[in-house]
Structure formats: C-alpha cells, structure tokens
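Each ligand, and each atom within it, is numbered from 1 in the order the structure gives. None of these values were measured; they are calculated from a predicted model.
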Amino acid sequence: MSEAVKWERKGAVAVITIDSPPVNALGQAVRAGLKACLEAALADDAVETLVLTGAGKTFSAGADIREFGKPPQGPSLPDVIAAFENASKPVIAAINGTALGGGLELALGCHYRVASPFAQVGLPEVKLGLIPGAGGTVRLPRLTGVQAAVDIIVDGSPLDARKAEAAGIVDRVAEGDVVAAACNLAAEGVGHRRTRDLPLEGDAALFEGVKAAVARKARGLYSPLRCVESIEAASRLPFDEAIANERSLFLDCLNSPQRAGLIHAFFAQREAAKVPGLGPDVKPRPVESVGVIGAGTMGGGIAMCFANAGLPVILIETVAPALDRGLATIRRNYEATAAKGRITPAEVEARMALITGSLDYGDLATVDLVIEAAFESMAVKHEIFGKLDAICKPGAVLATNTSTLSIDEIAAATRRPQDVVGMHFFSPANVMRLLENVRGKETAPDVQATVMDVAKRIGKVGVMVGVCYGFVGNRILHARNREAIALVNEGATPQQVDKVLTGFGFAMGPFATSDLAGLDVGWRIREERRKANDPDVDAPNWLDALAEKGRYGQKTGAGIYLYEKGSRTPIPDAETDALIAAYRAEAGIATRDVPDREILERCMFMMVNEGARILEEGIASRASDIDAVWLNGYGFPAYRGGPMFWGEQQGLGTVVAGIDAFHARLGTPQWQAAGLLRKLADEGKGFSG
Ligand code: 3H9
C-alpha cells in the first residue's frame with residue numbers, strides 16, 4: 001500500500017488517511033494511494049462505510065502545485081474524486097483541518113462532510129490564476145446555491161467551519177475527535193447522497209449581472225470570469241458535460257502566463273523565509289515584548305502590528321503631545337476598523353491595552369526587541385542607539401526602521417553591533433505585507449533568524465537583504481522612477497507614463513505614487529544629498545520645483561496632479577505642464593513623442609537590470625527574493641510574478657538587447673547592462689538556472 005495514503009478497518013468503518021506532509025497535497029503518489037485504498041476498502045466485505053481524513057492539521061491543501069506545468073501523470077484528480085463519489089459504499093469526509101482547492105473538491109465528492117471547528121475550507125484556485133478543476137464549480141453550487149458559490153470561488157478566501165456549515169458545505173461541525181464523529185455518523189447508518197445528483201438551476205439574468213461585476217473587479221486577471229463561466233455552464237449542462245467543460249476552462253487557465261506568474265509569486269514568498277546561511281540549528285531569540293521608538297505614522301503602525309499579534313508594546317516619544325497624538329491616531333485607526341466590522345469594540349480595547357505610551361527610555365530595559373522609527377538622520381539614530389546600548393538588556397535585538405541609512409554605521413554607535421539589524425516596514429505599516437529585514441556586516445545569525453521569525457508571527461512576508469542605499473525595494477524604485485522622470489523630460493507626460501504602468505498591472509503609476517508618498521520626502525532627501533555634494537544625486541528638476549511651491553502631493557491637494565477635496569483621483573494640471581516645459585527649455589531638451597512601448601521597456605528593463613546588479617553584489621540572495629519584495633511592498637501585479645520573473649519570461653537575451661540599444665542611444669551609465677545579466681543571457685539561462 002502507498003506510503004502517502006493509508007487505510008485501516010475500525011469495526012465496519014474503513015478509515016482512509018492522507019499522510020503526505022507538509023500539507024497533504026494531492027500529488028501523483030497521493031492520488032494513486034487514494035484510488036488503491038478506496039478499491040481495497042470497497043473490496044473488504046467487513047467494511048460498510050468509509051471515512052476519509054488527513055493526518056496532521058491539514059485535510060488537504062489541494063493539487064500539488066509543483067506538478068503544474070509538468071506532463072500529467074494519472075490517475076487524474078477528477079477521476080479519483082469520481083471514484084469516491086460513485087463508490088458502492090457511503091463515504092464520509094472527516095475534515096480535520098484545512099481543506100483547500102482540490103482538497104475541498106475531494107470532500108465535495110464524498111457523500112457527507114463532518115468538520116472540526118478549526119477546519120477552514122475554500123477554493124483558492126483563482127489566487128493562482130486557475131479555476132477549480134476537479135468539480136468545484138459544478139459541485140459547490142449544488143450545495144450552496146449559485147450566488148454563494150460565485151462569491152466563494154471568485155473571492156478565493158476560506159470559510160471557517162461554522163460558516164461552511166451555514167452555507168451547506170459541511171453537514172456537521174463536531175467538537176473533539178472528528179474521525180470519531182464521522183464513525184458515529186456511519187454508525188447511525190447513512191446512505192449514498194451524491195452531490196452530483198443534487199439539482200442546480202441558475203437564471204441567465206443573474207449571471208449577466210455577476211459577470212459584469214466580476215469583470216469590473218478582475219483588474220486584468222483572466223481566471224475570475226472563467227470561474228463564473230464554468231458555474232454558469234454547470235447550471236445549464238448535465239453533470240458530466242459540465243465537468244468536461246470545467247476541465248477545459250481549467251486547462252486553459254493552467255496554460256496561461258498568469259498562472260505561471262501567480263504560482264511563482266506563491267513560491268517566491270515561501271522561499272524568502274529560508275535565508276541562505278541560516279540553517280535549522282540557528283534558533284531565533286525569544287521575543288515576548290517589544291519597544292517602538294517614535295509614535296509618528298510609521299512607529300504607530302509598527303506598534304499596531306505587534307498589538308494585533310498579541311504582543312505588548314512600549315511606545316516611546318520625546319514629548320507628551322507627540323505621544324498623545326500618536327496614541328490617539330492608533331485608537332482612531334482601530335475604531336475605523338471596528339466600524340467596518342472587521343474587529344469588535346472589545347478587540348479595540350484589548351489591542352489598545354497592549355500598547356503603553358512612555359516618555360522614558362528606561363522603560364525599554366526589559367524588552368526583547370526594540371524598533372527605532374525616528375527621524376531619518378544619522379545623528380538622531382546615533383543618539384538613540386547609544387541610549388539603547390546603555391539601557392537595553394544583554395541579548396535584546398536592536399532594530400532600525402531606516403529606509404536609507406547604513407545599518408553598519410548605526411550599529412557602530414553601540415558596543416553590540418551583532419544585535420543591530422534593519423526592519424524596514426512599509427507605509428501603512430499595519431497594512432503592507434512586506435518587511436524588508438536588513439542584515440549588517442556584523443548582525444548575528446540568531447538576530448537574523450529572530451527578525452525573520454517575528455515577520456512570520458506578525459503576518460508579514462519577511463525578506464532578508466543586505467546593506468546598500470535604498471536596500472532592495474527602494475533602490476529599484478529609485479532606478480525606475482529616474483527613468484520615468486527622464487521619459488517625461490524627453491516628451492512624455494506624467495499621465496502617459498502612469499497609464500502605461502497601470503496598463504501593465506501596477507496598482508498605481510510612479511507619479512501618482514509619488515503624490516501619495518509626498519513629494520517633500522524625496523525633495524528633502526535630494527537636498528541633503530546635494531548639500532553633501534553626493535555625485536549620484538540628480539540636478540534639481542521640475543519635481544523639485546513642484547515641492548518648492550509647496551505642492552507636496554495628495555496631502556496638500558496638489559503635487560504632480562491636482563486632487564479635489566477628499567478625493568484621491570489624480571487630475572492632470574497645466575501648472576505642472578508649464579514647470580515641465582520650463583525645465584525642458586532651460587535644459588535645452590528638444591521634445592519628441594515617446595511611444596508607450598518605449599515607456600514600458602525603459603521602466604521595466606531598468607528594474608531588471610538594477611535587480612541583477614543587486615544580485616551580483618549579494619544584496620539579495622535570490623531573484624525570487626527581489627520579486628517577493630516588489631510583489632508585497634510595491635503593488636507589482638502578482639500575475640506577472642515580479643520584475644525578475646517578468647524579465648525571465650521576456651527572455652534575458654531580449655532584455656539585454658533592449659538595454660544595449662538604450663545604452664547606445666542614451667549613453668547614461670545606468671544603462672550599462674549588469675555583468676550577471678549579460679552572462680546569464682549569453683549562456684541562455686534564467687536567474688534560477
Ligand atoms: C488546486 O487544488 C487545483 C484543483 O482545483 C484542480 C486540480 C486538477 N502544493 O504556506 P505554508 C507547501 S490548486 C504543493 O508555508 P502554512 C509550501 O510551499 C491548489 N506544496 O504553510 C510549503 O513548502 P516549503 C489550491 C504546497 O501552514 C509548505 O507546503 N490550493 C501546497 O502557512 C507549507 O506551506 C491552494 O492554493 C500545494 N497545494 O499554510 C492552497 N500548499 O515548506 C495553497 C502548500 O517547502 N496553500 N505547499 O516551503 C496554502 O494556502 C497554505 O500553504 C496552507 C498552509 C494554508 C495550506
């Protein structure tokens with residue numbers, strides 16, 4: 001019998017258990033094992049009823065995603081599920097934990113479903129660029145009705161056991177041992193109740209409305225509408241034809257570049273958690289209490305991340321009014337979330353109770369981790385880290401949220417550089433999923449392990465990077481934005497550049513994003529660098545002119561664009577056009593029409609090239625880490641897999657040829673192709689070999 005699936009007889013019940021760690025995915029060995037166990041149990045005359053469950057905390061996470069794109073190997077999942085549904089003896093699914101995708105589809109093929117209260121069930125295929133392909137769009141609406149099935153399948157988020165029971169997906173929620181509960185149900189004497197035999201009707205008018213709504217929300221995604229089409233067909237066609245139709249739509253999605261991008265994104269995120277050089281023997285330091293320095297937007301958001309995860313936080317400010325303002329903002333944010341029904345008023349109070357404001361650094365003496373989120377100046381950071389060195393207990397992790405300054409220089413202000421590390425959160429810190437952890441030259445391995453572990457505990461995607469100006473995310477952003485500005489200087493408009501990049505799939509274009517972030521931020525940094533005679537900073541341009549006029553972006557109602565009161569919709573503005581024209585005239589630039597394709601290639605090739613430089617300098621360990629940064633911190637369209645994956649999809653040879661052509665035309669040093677990129681292209685390789 002298969003290793004991955006086992007069965008045993010308990011009285012008149014055969015208990016079949018999927019045991020394929022880590023998540024009981026339905027790879028070939030599991031599918032074959034399921035079929036073999038089913039046949040053996042059906043052939044055993046002593047068996048009257050079958051119970052199907054999973055070992056560990058998962059029933060099954062669905063199809064084995066690693067098999068996608070490889071030649072299929074039988075038996076197929078739809079065939080295995082059909083065998084369970086058509087079994088001559090009743091089959092009960094004992095859903096012991098997570099049942100997702102093909103895992104839930106397998107349970108839907110069983111005749112009854114009993115779930116543990118901790119079970120989560122769902123069809124998340126749409127998040128991978130797919131539709132459910134093993135009967136989900138055909139069986140689920142038979143249990144829940146059409147509208148609920150559309151909502152569940154198009155959204156892709158899981159339901160907890162009670163909601164699943166209310167929706168008709170599971171028959172019972174059983175406290176305690178779910179397999180025992182399923183065996184009890186078997187003892188009550190259950191018959192065959194095949195989902196395929198349940199009636200399903202949908203009316204055409206409903207589908208028209210649903211399709212229009214889904215198309216509006218799909219934002220360039222291919223599979224959401226295919227999900228609806230499959231459910232619609234299921235409401236018209238006989239069961240077997242509906243299954244065949246679903247299969248064909250599934251294969252269509254499986255072969256789409258969007259599926260490849262989304263699955264790359266799935267694995268990139270999980271791969272990032274495994275930091276090269278940090279083996280399982282490097283244990284994180286315990287973190288049970290946290291200090292945050294600075295109660296501004298960033299510090300407040302960071303404090304919320306920890307309170308949300310149940311960890312007590314001491315929030316430090318220098319003066320009482322700033323502390324009061326910070327705490328009031330946090331409360332307002334929580335109350336806004338409660339008003340939307342996402343947390344209860346009691347949870348607001350519980351989270352607020354975890355955050356203690358203080359004006360005394362002495363209160364940080366016992367915390368396990370301190371995160372400094374103060375003003376972005378080396379002098380300020382030195383003063384703070386000097387204080388922390390004197391006050392914090394030995395072994396405390398001392399982190400800085402700096403986005404531009406060197407961790408090594410900050411660490412030099414202490415006698416314990418091994419305990420100093422960067423934790424770069426993204427604004428709003430309580431919302432954005434990325435946490436760029438930055439290791440300095442001397443950061444100890446267990447400190448690195450600690451910040452990666454903390455990222456997971458507070459629900460962030462942690463990516464470990466090295467020290468350089470802007471680290472990974474902002475360094476690439478800077479390179480891309482420099483190109484976006486150059487394109488405008490040459491003749492494009494900000495709105496044309498933004499439109500090309502939102503057309504590519506970015507949530508916002510570079511100029512609308514600059515308005516959101518605040519033009520004053522970049523302007524102040526550039527001014528500092530100019531004063532310090534930094535050779536890498538550009539000469540003042542029309543963006544500096546806008547900031548000097550007090551046009552800081554959304555917060556002042558005008559930046560590159562204009563904003564009506566209370567609105568975030570950018571409106572092109574003649575004053576910006578005039579400043580751009582004046583800048584061009586002064587710089588002696590003859591303008592031209594810039595084609596959309598050039599805008600896309602210059603922005604995107606520049607990102608890939610800068611990413612390749614980051615890789616060859618060892619600032620990022622893997623191309624997929626760079627993708628994880630951009631997918632989780634910068635609104636890169638997930639279905640394109642991240643900038644490095646996108647570059648690979650174009651072919652690195654094509655990217656290098658484009659870079660060489662821009663270098664020949666523009667002559668700027670940033671258009672030198674990165675050595676690594678050229679080498680890989682010459683060898684006909686991608687970033688991952
Ligand atoms: C589908 O079912 C299609 C069908 O409709 C039709 C077929 C014909 N396959 O996330 P974690 C790995 S599409 C392979 O860190 P957690 C994951 O890479 C599928 N591997 O744990 C990681 O590996 P490693 C629809 C998988 O506890 C390890 O398991 N299903 C799969 O935070 C642990 O994962 C989904 O989309 C998989 N399906 O979360 C569910 N799933 O240790 C996707 C996980 O080497 N999975 N791995 O890094 C999840 O949402 C989460 O993994 C889950 C556990 C909630 C299950």
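- Protein non-hydrogen atoms do not reach within 4.0 Å of atom 53 (C) of ligand 1.
- Between Met432 and Asn632, the closest heavy-atom pair is CE-O, 3.9 Å.
- Proximity of atom 11 (P) of ligand 1 to the protein is indicated by at least one non-hydrogen atom lying closer than 4.0 angstrom.
- Contacts between Asp64 and ligand 1, counted as non-hydrogen atom pairs separated by less than 4.0 Å, involve both the backbone and the side chain.
- In terms of polar-atom proximity, Gly133 is counted as a contact of ligand 1, with an N or O under 3.5 Å from an N or O of the ligand.
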task: Determine, stepwise, if the pair Glu229 / Arg226 fulfils salt bridge (Lys or Arg N to Asp or Glu O under 4.0 Å).
output: CA-CA 5 Å; Glu229 283 168 17; Arg226 305 291 90 72; 3.0 Å; yes
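- Distances from atom 30 (N) of ligand 1 to the heavy atoms of Pro22, Gly62, Pro78, Ala61 show the closest one on Ala61.
- By the criterion of a heavy-atom distance under 4.0 Å, the side chain of Arg247, and not its backbone, is placed next to ligand 1.
- In this structure a side-chain-to-backbone donor-acceptor pair under 3.5 Å is present from Glu616 to Leu676.
- Leu100 CD1, 4.0 Å is the protein heavy atom nearest to atom 55 (C) of ligand 1.
- For the pair Glu246 and ligand 1, no heavy-atom separation below 4.0 Å is found.
- Checked by distance only, ligand 1 and Gly101 stay at 3.5 Å or farther apart across all their nitrogen or oxygen atoms.
- With no hydrogens or angles considered, no side-chain donor-acceptor pair links Glu271 and Ser624 at under 3.5 Å.
- Checking side-chain atoms of Asn401 against main-chain N and O of Phe425 turns up a donor-acceptor pair under 3.5 Å.
- Considering Ser76, Ser60, Ala99, Ala63 only, the shortest heavy-atom separation from atom 7 (C) of ligand 1 involves Ala63.
- For atom 32 (O) of ligand 1, the nearest non-hydrogen atom of the protein is Lys456 NZ, 4.8 Å.
- A distance of 5.5 Å separates CD of Glu105 from CD1 of Ile81, quoted to the nearest 0.5 Å.
- Distances shorter than 4.0 angstrom occur between a heavy atom of Leu128 and an atom of ligand 1.
- Ligand 1 has an N or O atom lying under 3.5 Å from an N or O atom of Gly102, backbone or side chain.
- Using cut-offs of 30° and 60° for the angle between ring planes, the Tyr634 and Trp630 rings count as parallel.
- A cation-pi contact, defined as under 6.0 Å to the ring centre and within 45° of the axis, is absent between Arg622 and Phe687.
- Checking atom 39 (O) of ligand 1 against the protein gives no heavy-atom contact under 4.0 Å.
- Compare Lys274, Glu271, Arg270 by their heavy atoms: the one nearest to atom 48 (O) of ligand 1 is in Lys274.
- Of the possible donor and acceptor atoms, one in the side chain of Arg31 sits under 3.5 Å from a partner among the backbone N and O of Gln73.
- For the side-chain hydrogen bond (donor to acceptor under 3.5 Å, both in side chains) test with Glu85, the passing option among His192, Arg139, Arg194, His111 is Arg139; the others fail.
- Under the 3.5 Å distance criterion, the side-chain polar atoms of Ser235 are matched with a main-chain donor or acceptor of Glu232.
- What sits closest to atom 9 (N) of ligand 1 on the protein, heavy atoms only, is Ile65 N, 2.9 Å.
- Listed by number with element, the atoms of ligand 1 under 4.0 Å from a non-hydrogen atom of Pro124 are 30 (N), 35 (C), 36 (O).
- Considering backbone and side-chain N/O atoms, Glu105 comes within less than 3.5 Å of an N/O atom of ligand 1.
- Aromatic ring orientation, Phe645 versus His264: parallel (interplanar angle below 30°, classes split at 30° and 60°).
- Within the 4.0 angstrom cut-off, atom 50 (O) of ligand 1 has one or more protein heavy-atom neighbours.
- Comparing Glu67, Glu125, Lys57, Lys127 against atom 13 (S) of ligand 1, the shortest heavy-atom distance belongs to Glu125.
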